[in-house]
**Q** 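Shown below is the structure under consideration.
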Amino acid sequence: MSTTITFGRRSLVTGALALAALGVTGAYLLGTAHRAPASTPTVYALPAANQSSNAMPGITVTGVGTVNGTPDTLTLALTVTQTRADVSTALNAASASMNAVTASLNAHGVASADLKTTGAQVQPNYTSSGGINGYTATESLTGTLRDLKTAGSAITAAATAGGNATRIDGVSLDIQHDSALMTQARNAAYADAKAKAQQYADAAGEALGKPTQVTETVNSPTPIDYRAYASAQAPAAAPVPINPGTAQVSVTVTVVFAAS
């Protein structure tokens, strides 16, 4: 996401108008045939304002600020699959498994507002000769777990509730409450940009002025993905181990400074 802030600056351009006065005086002498030559015209002009400047138009630099933080949110993706002889039975069985998973997550503190259905489908199964041999129903769910201390137990309980029909597709860790980290990253990014601009201004023998434009790009932290959990169900007796580690919040700013 990019944000641009421009500080307005009013420019005044002054020009000079040239005023010309031309006086021509002809003298005729009465009673003689001699005529005096016309006087030389004289032009008066106001000096024009100097519109050129040797000042630099500005210094444009980019600064980066990066801050490490601890993830506070886990996103769980799971699927239940049931195979039955007909469509209705397969779909009902998959729904029953998903309801059990959802109830388990609710019981472990996951709010219903943090659970979202992400897929549902029923597909026929075919024999080697091309005939239909039952149907497979699949339902998918994504849940946001906001308490990492109990997240491992919640995942294990959900997998147990869904039974062998449950497949954990993966979990990812992210930073949701990052406002304080964003403030630190912005301050660091601007300080980095200003230090670079000051270096260029000193090298050019110019005085660094105020910023006239700031453009911000926020690099959201990349969720830490644990796909290893997708290949096996967690044992019912052992909570899935959750190690939050660290994640980065990064801000990039492009700043234009005036120079004189």
**Q** If you measure only the distance, is there a donor-acceptor pair under 3.5 Å linking the side chains of Thr144 and Thr75?
**A** no
**Q** Cut-off 3.5 Å, side chains only: do Gln184 and Arg186 have a donor facing an acceptor?
**A** no
**Q** Using every non-hydrogen atom in the two residues, find where Ser112 and Asn106 come nearest and quote the distance to one decimal.
**A** OG-ND2, 3.6 Å
**Q** Counting neighbours of CD on Gln199 that are heavy atoms of other residues, nucleotides or ligands and sit closer than 6.0 Å, is the number greater than 12?
**A** no
**Q** I'd like to know if the side chain of Ser104 and the backbone of Ala100 have a donor-acceptor N/O pair within less than 3.5 Å.
**A** no
**Q** For His108 and Thr150, what are the C-alpha separation, side-chain angles and deciding distance, and is it a side chain to side chain contact (heavy atoms under 4.5 Å, CB included)?
**A** CA-CA 8 Å; His108 284 77; Thr150 62; over 6 Å; no
**Q** Do Asn125 and Thr136 have side-chain N/O donor and acceptor atoms under 3.5 Å apart?
**A** yes
**Q** If the threshold is 4.0 Å, N to carboxylate O, is there a salt bridge linking Asp72 and Arg146?
**A** no
**Q** Show your reasoning for whether side chain to side chain contact (heavy atoms under 4.5 Å, CB included) applies to Lys194 and Phe257.
**A** CA-CA 8 Å; Lys194 187 174 182 180; Phe257 287 92; 4.0 Å; yes
**Q** State plainly whether one hydrophobic cluster holds both Val256 and Tyr200, where clusters connect Ile, Leu, Val, Met, Phe, Trp and Tyr through side-chain heavy atoms under 4.5 angstrom apart.
**A** no
**Q** Mind checking the CG-CG spacing from Asp202 to Leu208? Nearest 0.5 Å is all I need.
**A** 8.0 Å
**Q** Please report the closest heavy-atom contact between Thr79 and Ser140, naming both atoms and the distance.
**A** OG1-OG, 3.2 Å
**Q** Is it the case that the side chain of Asp178 and the backbone of Leu181 share a donor-acceptor pair, with hydrogens and angles ignored and the cut-off at 3.5 Å?
**A** no
**Q** If you define the side chain from C-beta out and look only at heavy atoms, does anything of Val218 sit under 4.5 Å from Met182?
**A** yes
**Q** Counting N and O atoms only, with roles assigned by atom type, does the side chain of Asp174 sit under 3.5 Å from a partner on the main chain of Thr73, one being a donor and the other an acceptor?
**A** no
**Q** Have Glu139 and Ser95 got a donor and an acceptor in their side chains that come within less than 3.5 Å?
**A** yes
**Q** Taking the side chain as every heavy atom from C-beta outward, state whether Asn219 and Thr66 have any atom pair closer than 4.5 Å.
**A** no
**Q** If I compare all heavy atoms of Val61 with all of Ala193, which pair ends up nearest, and what's the gap?
**A** CG2-O, 3.2 Å
**Q** Under 3.5 Å, side chain of Thr183 to main-chain N/O of Ser179, donor-acceptor pair present?
**A** yes
**Q** Just to verify, what does Thr254 make a side chain to side chain contact (heavy atoms under 4.5 Å, CB included) with, not counting sequence neighbours?
**A** Thr60, Thr62, Thr215
**Q** Would Ile155 and Leu74 count as a side chain to side chain contact (heavy atoms under 4.5 Å, CB included) here? Give the steps.
**A** CA-CA 10 Å; Ile155 294 173; Leu74 181 147; 4.1 Å; yes
**Q** Measure from the side-chain N and O atoms of Asn92 to the backbone N and O of Ser88, and report whether any donor-acceptor pair falls under 3.5 Å.
**A** yes
**Q** Using modelled atom types only, decide if a donor and an acceptor are shared between the side chain of Thr138 and the backbone of Thr81 within a distance under 3.5 Å.
**A** no
**Q** Counting only heavy atoms not in Lys196, do more than 12 sit closer than 6.0 Å to its NZ atom?
**A** yes
**Q** Linking I/L/V/M/F/W/Y whenever any side-chain heavy atoms sit under 4.5 Å apart, do Val64 and Val214 land together?
**A** no
**Q** When Ile, Leu, Val, Met, Phe, Trp and Tyr are grouped by side-chain heavy atoms lying under 4.5 Å apart, directly or through other members, which residues fall in the same group as Ile132?
**A** Val87, Leu91, Val122, Tyr126, Tyr135
**Q** Between Asp147 and Lys149 (side chain of the first, backbone of the second, donor and acceptor by atom type, cut-off under 3.5 Å), is there such a pair?
**A** yes
**Q** What's the separation between atom OG in Ser97 and atom CD in Gln82, rounded to the nearest 0.5 Å?
**A** 4.0 Å
**Q** Are Arg167 and Asp169 ion-paired here, with the side-chain N under 4.0 Å from a carboxylate O?
**A** yes
**Q** Just wondering, do Thr142 and Leu76 contact through their side chains at under 4.5 Å, heavy atoms?
**A** no
**Q** Looking only at heavy atoms, which two atoms of Val251 and Ala185 are closest? And how far apart?
**A** CG2-CB, 3.7 Å
**Q** Taking all non-hydrogen atoms of both residues into account, name the closest pair between Gly63 and Asp192 and its distance.
**A** CA-OD2, 3.3 Å
**Q** For Ile175 and Ala247, which heavy atoms make the closest approach, and how far apart are they?
**A** CD1-CB, 3.8 Å
**Q** Are the side chains of Val80 and Val101 in contact, using a 4.5 Å heavy-atom criterion?
**A** yes
**Q** Show the numbers, then the answer: is there a side chain to side chain contact (heavy atoms under 4.5 Å, CB included) between Leu141 and Thr102?
**A** CA-CA 9 Å; Leu141 178 75; Thr102 301; 4.1 Å; yes
